[in-house]
Amino acid sequence: MPKRRNITADKRDEFRRRLLAWYAEYGRDLPWRNTDDPYHVLVSEIMLQQTQVDRVIPKYHEFLEKYPNVEQLADAPTDEVKENWKPLGYNIRPVRLQMIAREVQAEYGGTIPDTPEELQKLKGIGKYTAGAVSCFGYRKAVPLVDTNVDRVLQRVFFGKHASESTKDEKQIWELAAELVPQENAYDYNQALMDFGATVCMARKPLCLVCPMQAICAAYPISA
DNA sequence: GTCCCGAGGA
DNA sequence: TCCTCCGGAC
């Protein structure tokens, strides 16, 4: 028997409402990337895999200046692409990113796929990145779960702490799917990650000023 | 589960 | 020093 989660529609609505209200007032809403171009989103999301935003931003602009579109990235020498990736780390990522560009050229006529299912067929794009490109690059109302979203949902809905988080991945994705609004999924997903990064942090969450206090199953973690 | 990989903070 | 960071492949 699956464990009953007992999460009411009311709580989901309240969560969305509070999150978007918080985002409207405090969200960073960084216009640092051009989300009208899925290629730009793809590059940034690959860079963001296990790498902090602040460290990605300068490299992202530099990289796009050298490789402004899928075709030019696909045609570039791989060694040069790897060199231009430094010092971001996880250096298999530039190789895979270029392989993706080449496959998009060869198999998709130069257009990056817009659904998570198609995107995940490309090596280097997992469940999170597929959702991110689909949502942020094509404005699709799809769920996405990264380390921030995972932590926030675990805490608010399951009352767990970060250290016990990595399990129940399937449950979290299901919950994330239930929560995504059809209307402004872009803002919602952006808000959710930003909230996890700036309020509901892994180590010392700002429970004292958190807008989720009244509905969070883990409150208070810290005071 | 393990490895990849580097900067910054506690 | 250890932990974390808008993960993914094996």
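Predicted model only: the values in this text are computed from it and were never measured. Quick note on labels: first sequence line is chain A, next is B, and so on, each numbered from 1.
Remark: A:Thr129 is in phosphate contact with C:dG8, judged by side-chain N or O atoms under 4.0 Å from OP1 or OP2. The side chain of A:Arg151 places an N or O atom within less than 4.0 Å of a non-bridging phosphate oxygen (OP1 or OP2) of C:dC5. OP1 or OP2 of C:dG7 has at least one side-chain nitrogen or oxygen of A:Gln50 nearer than 4.0 Å. Between A:Thr147 and C:dC5, a side-chain N or O to OP1/OP2 separation shorter than 4.0 Å is present.
Note: OH (A:Tyr60) to P (C:dC5) measures 23 Å, nearest angstrom.
When heavy atoms are screened at a 4.0 angstrom cut-off, A:Arg96 is found touching the sugar-phosphate backbone but no base atom.
At a threshold of 4.0 Å, the pair A:Glu62-A:Lys59 counts as salt-bridged, since one of the basic side-chain nitrogens sits closer than that to a carboxylate oxygen.
Nucleotides C:dC3 and B:dC5, compared at atom C1', are 15 Å apart to the nearest Å. Taking the P atoms as reference points, C:dC6 lies 14 Å from B:dA10, given to the whole Å.
With a cutoff of under 4.0 Å to any heavy atom of chain A, the contacted region of DNA chain B is bounded 5' to 3' by B:dC4 to B:dA10.
With distances taken from any side-chain atom of A:Glu45 to the nucleotides C:dC10, C:dC6, C:dC5, the minimum falls on C:dC6.
Between A:Asp54 and A:Leu122, the one whose closest nucleotide on DNA chain C sits nearer the 5' end is A:Asp54.
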